[in-house]
Each structure stands twice: as C-alpha cells, then as structure tokens.
Amino acid sequence: MAALPIVRTVADLRAQVAAWRREGLRVGLVPTMGALHEGHLSLVRLAQARTDRVVASLFVNPTQFAPSEDFDAYPRDEARDAALLAGAGCALLFAPTVAEMYAPSASTTVSVSGVSESMDGAARPSHFAGVATVVTKLLNQCAPDVAVFGEKDFQQLAVIRRLVRDLDLPVEIVGAPIVRAEDGLALSSRNAYLSAADRPVATRLNRVLTAALARLRAGDPVETVEREAVADLLAAGFARVDYVEARTPDTLDRLGPGPSEGPIRLLAAAFLGRTRLIDNVGD
Ligand code: PAF
C-alpha cells in the first residue's frame, strides 16, 4: 500500500484541495486528534461514500484541554495513524504543528452559547470554545464539501452543527453512529488508559444508559431515571459521575418532567480512576 501523503502547512493543504477542485472532485474532511481506532476509520469510510477525496486532520488541540487534563499524556503515534488512514482509503493527512495552527498573537475564540454550556461544557468550562475554534479553523483551512464527526461526542456534534449554521459555513456536517466493542463499550482513544480491572466496569456505562432509556420510553419520570442511573453507575464501580441527562437530540434541551413522546438522547460522563468516559444512547 502506498504511504499516505502528509502535509503540515495550511498552504500545502489548500494547494492540494484546490487541485482536486480543478478536477471537479468533492472533498471530505475527518478531523481527529489521532490515537485512531475503528470508530475513526468508520468516519473516513462515511466521508468516502459521500465525496471523492478524504482528508483526515491529526492535531492534538491544546486549547480544548484544561491545564489539569491529559494534553501531554494524550497518546500520539503519527506513523501508526497514517498507516490506518491509508488502509481506510484516506487521500491526505493534514498534520500541522501547534505553531502552524495558532499564531503566538492569536486572540480570536469561537464560543457557542447555550448548547455548549451544560453537561461536558459545565464539567470542562473551556473545552467547547477550544473545539469550536479549532473546528472552525479546520473547516476554513480545508474548505471541504462534507465533514464527518462521531456521535460518541454527541454534544460536540451539536456544538459544531450550531456554529456551522450560525457562521454560514458552506459545509455539510455528517454525524456518524457510535462504534462499540463487542462488550458494548464505545470505542475511544482514552480507553487505552483503562486497566484490566476497569474494563468490565466501563462496559456498564452503556448498559446502565440503555436500561435508563427503556425506562424513559416506558414513561418513568425523567429526574428519577437520571438520579437512579447515577446511583447504578456508582454501584457498578465508577468513582464519580459528572452527569446523566436526558435531552432532545437536536437542541440538547432538557426534557420536561413527564413522559416524553419525542426523540430522546441520554448522555453521560463518568470517571473510572482518572479516566473520564462519555457515552450516549438514543432513538
Ligand atoms: O473529537 C475530536 O477528536 C476533537 O474534539 C476534534 C473534533 C478533532 C477537534 O480537535
């Protein structure tokens, strides 16, 4: 298999995309922070099905990590990631340095109010501004027809859809279904941090959420179901639960207290040791 071409500057990325455009080709973008797994490769395949050439970006974005978080420890292996992307049919890897992405005097931040403020936004106050800023930059740099993001980061996807709409960015945002291991655990780069003892506990996250969603569907009161799901996670061995919340899928509004007729997304974040896992289920 031919090695995947890698560009490290915005100018080189734009030159390649412009050459494809002159040939009348459609371009897809899959933004990543590397440490790739089957979930990421499913995004590449989805982008491939909708476009002629897929660009993946690999950038561990410092502005979306708080000082106490795992930016330095975040797993990095560009050669492995590039080989996986080539195997999945990706046409180009954009792997900029921090200096290429952020001028020392950079002073513009994209912040999306409302949809980014609860749940992960409340637990990680500067996170979504970092994500929104870097995703806006990547979309401007690559100017793809389509960009694909995983539904595992369901709130992130809602934030990105909102900023694309609000800023009139000419790109179609596609959400890709969560890819799970056989035991139900949602694939995540951070699963690499889990110990052998953590792993069976981690799988309970999806089971607790699935059972809680069934209760909501059966008409049990939202607050009771959320509260009992938190208790179930703690009983299963999670050290701390940031949230379990039932929301409307598009706007991430809270559900009313009574039985819900419309679509529901149930989202959660919980800690196993220092590892923070997120997951969501819905219909
Ligand atoms: O989901 C991720 O991996 C990151 O948040 C993203 C979208 C690549 C932005 O850094």
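Each ligand, and each atom within it, is numbered from 1 in the order the structure gives.
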Salt-bridge criterion met for Asp183 and Arg207 (N-O under 4.0 Å) = no
Under a 4.0 Å N-O cut-off, is there an ion pair linking Arg45 with Glu38?
-> yes
Should the pair Tyr102 and Phe59 be assigned to parallel (<30°), tilted (30 to 60°) or perpendicular (>60°) ring geometry?
-> tilted
If you take all heavy atoms of Arg199 and Ala181, which pair is closest and at what distance?
-> NH2-CB, 3.4 Å
Below 4.5 Å, heavy atoms only, C-beta onward: do Val10 and Asn140 meet side chain to side chain?
-> no
Residues that Arg161 engages under side chain to side chain donor-acceptor pair (under 3.5 Å), provided they are two or more places apart | none
Any protein N/O atoms within less than 3.5 Å of an N/O atom in ligand 1? List the atom names and distances, or say none.
| unit_1 | atom_1 | unit_2 | atom_2 | d |
| --- | --- | --- | --- | --- |
| ligand 1 | 1 (O) | Gln156 | NE2 | 2.9 |
| ligand 1 | 5 (O) | Gln64 | NE2 | 2.9 |
| ligand 1 | 5 (O) | Gln156 | OE1 | 2.7 |
| ligand 1 | 10 (O) | Gln64 | OE1 | 2.6 |

